[in-house]
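Note sheet for the following structure.
In this text, all values refer to a predicted model and were calculated from it rather than measured experimentally.
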Amino acid sequence: MAGILDRFKVNLPEEEELDVSHKIKAGIIGVGWITEAHVTSLLRCPDVEIVAAAELMEGKAEKFFRKFDLNEVRCYRSHQEMLEKEELDIVSICTPNKVHASCSIDALRAGVNVLCEKPMSVTLEEAVEMCRAEKESGKMLSIGFQPRMAENMKMIRKIVQSGELGRVYYIQSGGGRRHGIPTPFGTSFIDKNTAGIGAMGDIGCYSLDMLLNAVGYPKPLTVTGYKSGYFGCRPSYYTVHPEYAEKFSVEDFAAGFVRLEGDIVLDFRISWAMHMDTMGDALILGTEGGLRIPSTECWNGSVGGPLKIYHDVAGVQTETVLPYEEEDIGELFYKKIRSFVTAVKKGQQSPVPAKEILYNQAIIDGIVRSAELGREVEIEIPEI
């Protein structure tokens, strides 16, 4: 058993010394609650200088940056004006979902590398156009999936890619919340005019990435999907702002059965609100072993406990429990930002390539279409 565990030891890389002689010039598009995590992480990068920001609401950006004593950040009312007047190396897209695509495309076409918060977009068509803009510009588009930076998440992929499970044929997404519609910062997550999609775009994309990244992001072929919004539209759900129910126009629950290339099936479900404590653990089943990935009480893309491999050892049914690494969300955000900046400086591949998350978005788009049509649909992804 020790031999198996030795194969999956965590080896943390040594931090290299940063070259601060040339600072990366960074811009911010959108000053919402997630922007604080981006700015805090960027400030920890001594080779980065935040020089500009764009925010539609007058005075909001100026007030935000005063909190960080960043009074020299030049603030604009439109991202187009910022991109036209500033010479930027990178930009963080921190806007509501509905404009992720347009802001990313504009930045790429302006010759700026882009880190776009998740979800990548609202529709597959938008995601395709983002990938095309990346290809045409020669710049980098990375999507903000900080759970990928976690050692536990890296271990999931390492286990699958090692061949320990044999040929993977079934993956089941876990995660979900009993009472977790995200409204502490207003209605941007629950209003279709700003969010476009609900639970799938907020935490469902994390659930998909955890499993699809582990098995090498096979192309989705067909999907049977379902979505509903029975809780968010109830005034009684909201303890502070019952009027939010009038704005709720996205899904708070979704499920899908997806056929993937390589004869793999994906059983997907995600929830913001339900009468259940969990949607269950995530599972990866292979011909030589199975992997259980514990869920958490209020799921946000993290692992809820030690990973467990179920396999036969010398003919004996055995469970191998792997070491669990506690990780801080703030550190994961920093690693997300740091890996993006380093990749830009060194001309490396995107830490979370858009061409992979394109498949993630294709599944979400397919679930929406299938749910609205009431039948299985094919997923057709155009050439980039």
Side-chain angles (χ1 to χ4, degrees), residues 145 147-148 150 152-178 180 199-200 202-228 251-272 274 276-311 317 319-322 324 356-357 359-364 366-367 370-371 376 379:
F145 282 71
R148 275 218 199 173
N152 299 305
M153 289 292 181
K154 293 177 183 178
M155 183 59 70
I156 294 168
R157 177 176 167 82
K158 186 176 180 181
I159 291 167
V160 175
Q161 295 299 315
S162 74
E164 185 69 29
L165 305 183
R167 189 184 75 77
V168 172
Y169 57 90
Y170 174 86
I171 52 181
Q172 173 183 300
S173 72
R177 300 172 183 172
R178 183 172 182 173
M200 285 188 288
D202 180 33
I203 54 178
C205 60
Y206 284 151
S207 180
L208 290 171
D209 188 64
M210 176 172 67
L211 297 173
L212 295 174
N213 183 49
V215 300
Y217 257 99
K219 185 179 180 180
L221 304 175
T222 65
V223 58
T224 297
Y226 170 85
K227 63 185 179 76
S228 61
E251 84 285 347
D252 53 36
F253 174 86
F257 190 81
V258 187
R259 294 188 181 279
L260 307 169
E261 275 189 344
D263 198 24
I264 302 173
V265 293
L266 162 65
D267 183 356
F268 167 83
R269 40 265 177 63
I270 202 71
S271 175
W272 267 344
M274 58 183 173
M276 189 57 60
D277 57 345
T278 177
M279 292 296 292
D281 295 339
L283 304 176
I284 302 178
L285 301 184
T287 55
E288 304 302 320
L291 178 65
R292 180 181 294 277
I293 307 163
S295 185
T296 59
E297 185 176 339
C298 189
W299 203 80
N300 64 350
S302 56
V303 174
L307 305 174
K308 184 182 287 189
I309 301 174
Y310 295 76
H311 50 165
Q317 293 183 352
E319 290 84 49
T320 300
V321 179
L322 299 175
Y324 175 71
E356 292 181 356
I357 309 306
Y359 287 0
N360 189 310
Q361 202 65 43
I363 291 173
I364 293 174
I367 290 173
S370 174
E376 181 181 72
I379 296 177

Next item on the list: Calculate, to the nearest 0.5 Å, the distance between atoms CD1 and CG belonging to I156 and L291 respectively.
Entry: 6.5 Å
Next item on the list: Might you point out which heavy atoms bring V160 and V168 nearest each other, and give the distance in Å?
Entry: CG1-CG2, 4.0 Å
Item checked: Interatomic distance, L266 atom CG to L212 atom CG [nearest 0.5 angstrom] -> 6.0 Å
Notebook entry, point to check: Taking C-beta and beyond as the side chain, do I364 and C205 meet within less than 4.5 Å on heavy atoms?
Noted result: yes
Checklist line | From CE (M153) to CG (L307), nearest 0.5 Å | finding: 9.0 Å
Next item on the list: Step by step, work out the side chain to side chain contact (heavy atoms under 4.5 Å, CB included) result for V223 and F268.
Entry: CA-CA 10 Å; V223 58; F268 167 83; over 6 Å; no
Item checked: N213 side chain near F145 side chain, heavy-atom distance below 4.5 Å -> no
Check: According to the interplanar angle, ranging from 0 to 90°, do the rings of Y359 and Y217 count as parallel (below 30°), tilted (30 to 60°) or perpendicular (above 60°)?
Finding: tilted
Note to self: Show, in sequence, the C-alpha distance, side-chain angles and deciding distance for N152 and I293, and conclude whether the side chain to side chain contact (heavy atoms under 4.5 Å, CB included) test is met.
What the structure shows: CA-CA 10 Å; N152 299 305; I293 307 163; over 6 Å; no
Notebook entry, point to check: Backbone N or O of G174 within a donor-acceptor pair of the S207 side chain at under 3.5 Å?
Noted result: yes
Checklist line | Heavy-atom pair with the smallest gap, counting every atom of P218 and E261 | finding: CB-O, 3.5 Å
Margin query: When you compare the side chain of I363 with that of I367, does any pair of heavy atoms fall below 4.5 Å?
Written below: yes
Margin query: Given 3.5 Å as the limit, does a donor-acceptor pair link the side chain of Q161 with the main chain of A214, or not?
Written below: yes
Next item on the list: For E297, look at atom CD and say whether over 12 heavy atoms of other residues, nucleotides or ligands are found less than 6.0 Å away.
Entry: no
Item checked: Charged N-O contact under 4.0 Å between R177 and D202 -> yes
Checklist line | Non-hydrogen side-chain atoms of I309 and L165 separated by less than 4.5 Å | finding: yes
Next item on the list: Check step by step if side chain to side chain donor-acceptor pair (under 3.5 Å) holds for D267 and Y170.
Entry: CA-CA 8 Å; D267 183 356; Y170 174 86; 3.0 Å; yes
Next item on the list: For L285 and Y169, run side chain to side chain contact (heavy atoms under 4.5 Å, CB included): C-alpha distance rounded to whole Å, both residues' side-chain angles, the deciding distance at 0.1 Å, then the answer.
Entry: CA-CA 6 Å; L285 301 184; Y169 57 90; 3.8 Å; yes
Checklist line | Nearest atoms (heavy-atom pairs only) where M200 meets K227 | finding: CE-CD, 4.4 Å
Check: Would you say the side-chain atoms of Y206 pair up with the backbone N or O of W299, donor to acceptor, closer than 3.5 Å?
Finding: no
Note to self: I need the K154 NZ to I159 CD1 distance, nearest 0.5 Å.
What the structure shows: 14.5 Å
Next item on the list: Nearest 0.5 Å please: distance from the CG atom of D209 over to the CD atom of E356.
Entry: 7.5 Å
Notebook entry, point to check: Closest approach of G301 and P147, non-hydrogen atoms and distance?
Noted result: O-CB, 3.3 Å
Notebook entry, point to check: Are any side-chain N or O atoms of E251 and backbone N or O atoms of A199, one a donor and one an acceptor, separated by less than 3.5 Å?
Noted result: yes
Item checked: For P220 against A362, the heavy-atom pair lying closest together -> CG-CB, 4.2 Å
Next item on the list: Report yes or no: does T287 contribute a side-chain atom to a donor-acceptor pair with the main-chain N or O of R167 at less than 3.5 Å?
Entry: yes
Notebook entry, point to check: Measuring from L260:CG to K219:NZ, what's the distance to the nearest 0.5 Å?
Noted result: 12.0 Å
Notebook entry, point to check: Is it true that atom CZ of R157 has more than 12 heavy atoms of other residues, nucleotides or ligands lying nearer than 6.0 Å?
Noted result: yes
Next item on the list: Say whether, by atom type as modelled, one donor and one acceptor occur between the side chain of E376 and the main chain of T222 under 3.5 angstrom.
Entry: no
Check: Is the side chain of R292 donor-acceptor paired with the backbone N or O of D281 at a distance under 3.5 Å, no angle test?
Finding: no
Checklist line | Residue pair Q172, R269: steps toward the side chain to side chain contact (heavy atoms under 4.5 Å, CB included) verdict | finding: CA-CA 8 Å; Q172 173 183 300; R269 40 265 177 63; 2.8 Å; yes
